[in-house]
There are 2 protein chains.
Amino acid sequence: MRLTTKGRFAVTAMIDVAMHGGEGPVTLAAVSGRQHISLSYLEQLFGKLRRSGLVGSVRGPGGGYHLAKPSDQMSVADIIIAVDEPIDATQCGGRENCHDDRRCMTHELWSSLNEHIFSFLGGITLAELVRQQRQPAPTEVAVMKDLRLPSAGVPPPKVPVGEPV
Amino acid sequence: MRLTTKGRFAVTAMIDVAMHGGEGPVTLAAVSGRQHISLSYLEQLFGKLRRSGLVGSVRGPGGGYHLAKPSDQMSVADIIIAVDEPIDATQCGGRENCHDDRRCMTHELWSSLNEHIFSFLGGITLAELVRQQRQPAPTEVAVMKDLRLPSAGVPPPKVPVGEPV
DNA sequence: TTATACCCGAACGATTTAGTCAACTAAATC
DNA sequence: GATTTAGTTGACTAAATCGTTCGGGTATAA
């Protein structure tokens, strides 16, 4: 798992779609306007998100993108994986480039770190980010504390989250 | 915090130094030979590691690099921070580029995610990686399980970690 | 004094990022 | 059916980063 700004753009855009998806498909032009991400870049990102099955698209007037799954069944890791092509991590891909005696420390080392970061980000759902975004951002510490309850099986919110826009 | 291969190279090299530091300074040429990383690239990385106070250097014949702190007081996060220049994360740096009403989701969002990843990697010490590297790599699962005990306040090992090399 | 090894910086190709442009297709609406 | 909306695709660009190569330094042990 690689962490760059690309994944952040994708997550930000997905939050936007999740927040404005109440009234039908969300156009990338709207996301672009709200999040200040270039339209064409969004097109590239959403092409990948669509091919990964995270969003669906509706063409023509009134069209746009919508989440393909409920936001509480979509994790940050899903989104990042979709847009950030996987890094090869091992540097000695499949080749026996590994060393004579102590063969490629990085192998198990980084794959395990990746596993951890992946499972961490996999525990944070889009729904949580949206909920967090709705309440008027408290201190960063509080946000952080709030984030650290991945709560594996997120109970679907009884009270519909209320799309005020 | 950004995760790229650059940080992995640095961590790998630091593990190598930690493992071979028993007999005095470790030359970058030796690290280069063992880890298959170009010498000049190592020089760049160790320049940063040195300026960050993670390693010390000895010039001249018989010289090389040594850890500036015990390996159990040095975390993976320390190393990555030292070599990976910080990503600006916020996209709207200091400017009030933030939006009209809902101003820059990414701000608190990603800073909190960064905090988490940082604290996760900050809990893994170089000493743990070295110890893990010494035992003949079991299954990845076992390695992974072993890694997930960050042990926040690392107690200084009564028994010196034993640098047999 | 010479070989060793750290130090420094410039330059390079490859890849990735982020953005732009242009042409196309599907669908809704007038 | 013509037009408009909006997704779809591809090529192309500037900038940054990655990893490397080269060429020179300087300090120090032998």
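Scope of the values below: all heavy atoms of this structure, side chains included, with no hydrogens, waters or symmetry mates. Below, read A as the first sequence line, B as the second, and so on, with proteins coming before strands; counting in each chain starts at 1.
Rounding to the nearest 0.5 Å gives a distance of 9.5 Å between CG of L49(A) and CG of L42(A). Atom-to-atom distance recorded for Q73(B):CD and D78(B):CG is 10.5 Å, nearest 0.5 angstrom. In this structure, F9(A) CZ and Y41(A) OH are separated by 6.5 Å, a value rounded to the nearest 0.5 Å.
S40(B) comes within 4.0 angstrom of a base, heavy atoms only. Within 4.0 Å (heavy atoms only), L39(B) reaches no atom of the nucleic acid at all. Y65(B) comes within 4.0 angstrom of the backbone, heavy atoms only, and of no base. Backbone-only contact: G64(A) has heavy atoms under 4.0 Å from sugar-phosphate atoms and none from a base. Note on V55(A): nothing from the nucleic acid sits closer than 4.0 angstrom, heavy atoms only.
Toward the 5' end of DNA chain D, the nearer of the two residues R51(A) and G62(A), judged by each one's closest nucleotide, is G62(A). Along DNA chain C, the nucleotide nearest to V58(A) and the one nearest to V26(B) differ in position, and the one closer to the 5' end is contacted by V26(B). Nearer to the 5' terminus of DNA chain C, by closest-nucleotide assignment, is the contact made by K6(A) (compared with the other of G60(A) and K6(A)).
Taking both residues in full, the closest heavy atoms of S71(B) and T125(B) are given as O-CB, 3.8 Å, listed atom of the first, atom of the second, then distance.
Atom CG in L49(B) sits roughly 12 Å away from atom P in dC7(C) (whole-Å rounding). Across the protein-nucleic acid pair, H36(B) atom NE2 and dT20(D) atom P stand 11 Å apart, rounded to whole Å. The distance from atom NE2 of H66(B) to atom P of dC6(C) is 11 Å, rounded to the nearest whole Å. Per the geometry, CG belonging to L3(A) stands 15 Å off C1' belonging to dT17(C), to the nearest Å. Atom NZ in K48(A) sits roughly 18 Å away from atom P in dG7(D) (whole-Å rounding). Atom pair L42(A):CG and dT17(C):C1' shows a separation of 14 Å (rounding to whole Å applied). Distance, F46(B) CZ to dC6(C) P: 9 Å, rounded to whole Å.
With hydrogens and angles ignored, no donor-acceptor pair closer than 3.5 Å exists between the side chain of R59(B) and the base of dT28(D). Taking 3.5 Å as the limit, the base of dT20(D) and the side chain of Q44(B) contain a donor-acceptor pair of atoms between them. Checked by distance alone, E43(B) brings no side-chain donor or acceptor within 3.5 Å of a matching partner on the base of dC6(C). Residue T4(B) places no side-chain atom within donor-acceptor reach of the base of dC18(D), judged by atom type and a 3.5 Å distance cut-off alone.
Residue R50(B) places its side chain closer to dC7(C) than to any other of dT21(D), dG7(D), dC7(C). When distances run from any side-chain atom of Y41(A) to the nucleotides dG19(D), dA18(C), dT28(D), the shortest one goes to dA18(C).
Between F46(B) and Y65(B), the ring-plane angle classifies as tilted under the 30° and 60° cut-offs.
Here the side chain of T4(B) pairs a donor or acceptor atom with the backbone of K6(B) at under 3.5 angstrom.
Applying the Watson-Crick and G-U wobble criteria (two distances, each under 3.5 Å), dC30(C) pairs with dG1(D).
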